[in-house]
Amino acid sequence: QKEVEQNSGPLSVPEGAIASLNCTYSDRGSQSFFWYRQYSGKSPELIMFIYSNGDKEDGRFTAQLNKASQYVSLLIRDSQPSDSATYLCAVNQKLVFGTGTRLLVSP
Amino acid sequence: DGGITQSPKYLFRKEGQNVTLSCEQNLNHDAMYWYRQDPGQGLRLIYYSQIVNDFQKGDIAEGYSVSREKKESFPLTVTSAQKNPTAFYLCASNGLAGVDGELFFGEGSRLTVL
């Protein structure tokens with residue numbers, strides 16, 4: 001079992017819809033969780049981080065963490081074509097990244 | 001502006017040659033990291049350093065070497081022992097000596113072996 005797992009996608013959503021990206025992790029001791037966005041050929045940039053169970057909202061983005069079930073998700077509301085990118089989940093206690101989910105938002 | 005500078009952005013190497021990728025940061029961060037990214041495989045940790053003159057192997061350190069003589073600099077050498085070095089290399093840093101905290105990335109160096 002990989003330490004951090006993501007569906008590679010692509011996840012296709014129409015413009016204006018909600019995109020839901022999911023990530024599971026294996027180490028129950030993990031404390032911090034990060035979502036990075038990476039455009040093709042570019043370096044990752046931080047979107048959200050979350051440390052506590054529950055939801056954390058920042059603009060159109062919501063991170064959700066459930067430590068009991070060992071998953072973390074990212075919701076993107078009102079998806080825009082500019083959101084089309086690969087989203088990487090990172091569990092920072094061991095600096096482990098998932099393989100990323102490619103999101104495609106169609107106009 | 002504060003940030004992480006990687007050079008060169010593109011590098012071509014012949015088989016059997018060692019190459020060194022530069023990473024410099026002016027963020028006054030203690031910890032620095034090197035990742036490798038291949039298509040469909042996400043980021044894999046090569047080496048990391050939490051303090052000057054000390055560094056630790058990551059998951060895929062074989063065929064690579066690093067040094068940390070200055071806080072600002074963490075160069076990566078891809079040696080001829082690395083059998084499949086063609087990849088996108090990312091340098092990152094964070095402000096904590098521990099492993100938690102947001103990572104700031106450089107723009108990356110793309111290495112191609114001819």
Side-chain angles (χ1 to χ4, degrees), chain A residues 1-11 21-27 29-52 56 58 61 63 65 67 72 74 85-104, chain B residues 3-10 21 23-25 27 29-50 55-61 74 86-112:
Chain A
Q1 181 188 8
K2 292 184 180 179
E3 294 186 70
V4 179
E5 295 205 48
Q6 296 180 255
N7 188 319
S8 61
L11 173 65
L21 305 163
N22 300 308
C23 171
T24 59
Y25 60 95
S26 60
D27 186 352
S30 300
Q31 295 294 322
S32 53
F33 306 86
F34 297 77
W35 282 100
Y36 287 84
R37 178 176 64 198
Q38 186 177 27
Y39 292 111
S40 181
K42 303 295 185 182
S43 60
E45 55 180 332
L46 184 70
I47 298 295
M48 294 279 293
F49 63 89
I50 187 166
Y51 298 145
S52 303
K56 179 181 179 182
D58 184 2
F61 299 95
L65 175 61
K67 289 187 178 181
V72 57
L74 179 70
T86 296
Y87 289 80
L88 300 168
C89 171
V91 178
N92 215 38
Q93 188 165 4
K94 290 188 175 182
L95 302 168
V96 179
F97 282 79
T99 56
T101 299
R102 187 178 171 208
L103 174 65
L104 298 176
Chain B
I4 301 176
T5 301
Q6 289 187 239
S7 64
K9 287 189 176 181
Y10 300 94
L21 307 179
C23 178
E24 303 278 335
Q25 55 98 358
L27 300 167
H29 283 171
D30 290 311
M32 297 186 73
Y33 311 85
W34 275 104
Y35 289 90
R36 168 180 172 145
Q37 188 173 33
D38 298 281
Q41 294 196 39
L43 276 65
R44 292 184 290 168
L45 183 63
I46 303 172
Y47 270 98
Y48 66 100
S49 169
Q50 296 181 336
F55 48 82
Q56 306 297 326
K57 292 182 178 180
D59 297 325
I60 56 166
F74 191 40
T86 295
F88 187 46
Y89 291 88
L90 287 159
C91 180
S93 71
N94 70 16
L96 303 173
V99 296
D100 275 354
E102 174 190 356
L103 289 174
F104 293 83
F105 285 90
E107 293 190 343
S109 294
R110 192 169 298 277
L111 172 63
T112 302

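Bear in mind the structure is a predicted one, so any value in this text is a computation, not a measurement.
Your options are A:G41, A:S8, A:G98, A:P44, and the one with the most heavy-atom pairs under 4.5 Å with chain B is A:P44. Interface summary for chain B: among A:Q6, A:K42, A:Q38, the most heavy-atom pairs under 4.5 angstrom belong to A:Q38.
Counting non-hydrogen atoms of other residues, nucleotides and ligands closer than 6.0 Å to CZ of A:R102 gives a total of 12 or fewer. Shown here is B:F88, whose CZ atom has more than 12 heavy atoms of other residues, nucleotides or ligands within 6.0 Å. Atom CD of B:E24 is surrounded by more than 12 heavy atoms from other residues, nucleotides or ligands within 6.0 Å.
Atom CD of B:Q37 sits about 6.5 Å away from atom CG of A:L88, to the nearest 0.5 Å.
Of all the heavy atoms in A:S43 and B:F105, the pair that sits closest is CB-CB, 4.0 Å.
Proximity of a side-chain donor or acceptor of A:Y36 to a complementary backbone N or O of B:L103 within less than 3.5 Å is detected.
Interface remark: B:Q6 contributes no atoms to any contact with chain A (heavy atom separation under 4.5 Å). Proximity to chain A is absent for every atom of B:R44, based on heavy atoms less than 4.5 angstrom apart. Contacts of B:L90 with chain A are made by side-chain atoms alone, with heavy-atom separations under 4.5 Å and no backbone atom involved. For chain A, no part of B:F104 is nearby; none of its heavy atoms comes within less than 4.5 Å.
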